[in-house]
Amino acid sequence: MPLLSSEVIADRVRQLASSISSTYANHDLLLVPILRGAFIFAADLARAITIDHRIDFLQLSSYKGTQSVGTVSVDKDLNTDITGRSVLIVEDIVDTGRTISTTLDILRDRNPASLEVVTLLSKPSPRNIDNSIRWTGFEIDDVFVVGYGLDLDGRYRNLPYIAKTTTTVGGAFL
Ligand code: 5GP
């Protein structure tokens, strides 16, 4: 059974889009989905947002170096000048917050009018960036999930729902 069915996700996406549409009415809104995990969420969210807006994409990758702290680097930067624009980062899931924190640092330096985050999912890891996350779709337990854009080794992004798995069982869980 899915953790979050496509109907439950669609209802929540509509609520988020409604709140985002009222918040940014009369603003120069730019959605910045973080590739690749947020692409399906962002596509549904953008179509449910009722105000005029732009979309541009940021692709990040994180890897572990010799130290235990992971590093996040930019694989594909924005093509849009965000100076003076109201930027809303669209993320699939926030776990430790490292990815979103790096993204905020990179974009804050470019002087947007505002910089906020909508994430579909959030895990209960300790972190200190929660003030920047204005909208969260669902709080989930500390489990590995796939579907609706989220992958396991590049697979399962196309599932229309979100399912739990573990990182070790690869493939056998659905
Ligand atoms: P953070 O940097 O907040 O620790 O992790 C965020 C990133 O890790 C997400 O953008 C996503 O790529 C990946 N991630 C974290 N938890 C999960 C999960 O349960 N499933 C999948 N597929 N990716 C996850």
Side-chain angles (χ1 to χ4, degrees), residues 1-6 8-10 12-13 16-17 20 30-46 55-78 82 87-109 112 115-174:
M1 203 174 91
L3 179 65
L4 298 166
S5 68
S6 54
V8 165
I9 297 169
R12 187 71 183 121
V13 170
L16 294 170
I20 289 165
L30 175 71
L31 294 187
V32 176
I34 308 301
L35 296 174
R36 287 173 279 188
F39 83 107
I40 290 182
F41 173 43
D44 285 345
L45 188 71
I55 306 180
D56 197 359
F57 300 91
L58 196 60
Q59 182 161 3
L60 303 175
S61 60
S62 51
Y63 55 91
K64 300 244 177 188
T66 48
Q67 298 174 343
S68 61
V69 178
T71 310
V72 179
S73 64
V74 177
D75 282 355
K76 184 233 164 262
D77 207 340
L78 299 175
I82 66 169
V87 174
L88 180 60
I89 299 167
V90 182
E91 181 58 301
D92 54 354
I93 183 163
V94 177
D95 182 5
T96 63
R98 194 176 298 127
T99 306
I100 207 67
S101 173
T102 306
T103 310
L104 287 165
D105 288 346
I106 294 168
L107 298 186
R108 201 177 285 118
D109 281 351
L115 184 59
E116 296 187 295
V117 178
V118 55
T119 182
L120 180 65
L121 305 173
S122 174
K123 287 188 185 177
S125 307
R127 53 182 184 244
N128 57 9
I129 43 114
D130 294 75
N131 286 345
S132 305
I133 301 177
R134 176 128 182 211
W135 291 276
T136 299
F138 303 93
E139 308 270 358
I140 63 166
D141 292 338
D142 193 9
V143 291
F144 196 83
V145 292
V146 293
Y148 199 69
L150 290 123
D151 74 310
L152 174 61
D153 283 341
R155 301 172 65 199
Y156 310 114
R157 292 191 197 275
N158 59 307
L159 295 175
Y161 51 83
I162 291 172
K164 280 192 232 185
T165 181
T166 71
T167 47
T168 51
V169 179
F173 56 92
L174 290 174

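Indexing begins at 1, ligand by ligand and atom by atom, following the structure's order. These numbers were taken from a predicted model, which means no experiment stands behind them.
Under a cut-off of 6.0 angstrom, the local environment of CG in Asp105 is crowded, with over 12 non-hydrogen atoms contributed by other residues, nucleotides or ligands.
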Quick one: side chains of residues 34-42, donor-acceptor pairs under 3.5 Å with protein atoms, not counting sequence neighbours, listed by atom name and distance.
none

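Taking a heavy-atom cut-off of under 4.0 Å, ligand 1 is surrounded by Glu91, Asp92, Ile93, Val94, Asp95, Thr96, Gly97, Arg98, Thr99, Lys123, Val143, Phe144, Val145, Leu150, Asp151.
Residues passing the salt bridge (charged side-chain N to carboxylate O under 4.0 Å, His left out) test with Asp75: none are found, sequence neighbours excluded. Among residues two or more places apart in sequence or in another chain, the salt bridge (charged side-chain N to carboxylate O under 4.0 Å, His left out) test is passed with Arg12 by none.
In this structure, CG on Leu150 lies 15.5 Å from CZ on Arg155, to the nearest 0.5 angstrom.
Of the residues listed (Val117, Ile89, Val72), the one engaging Thr103 in a side chain to side chain contact (heavy atoms under 4.5 Å, CB included) is Ile89, and it is the only one.
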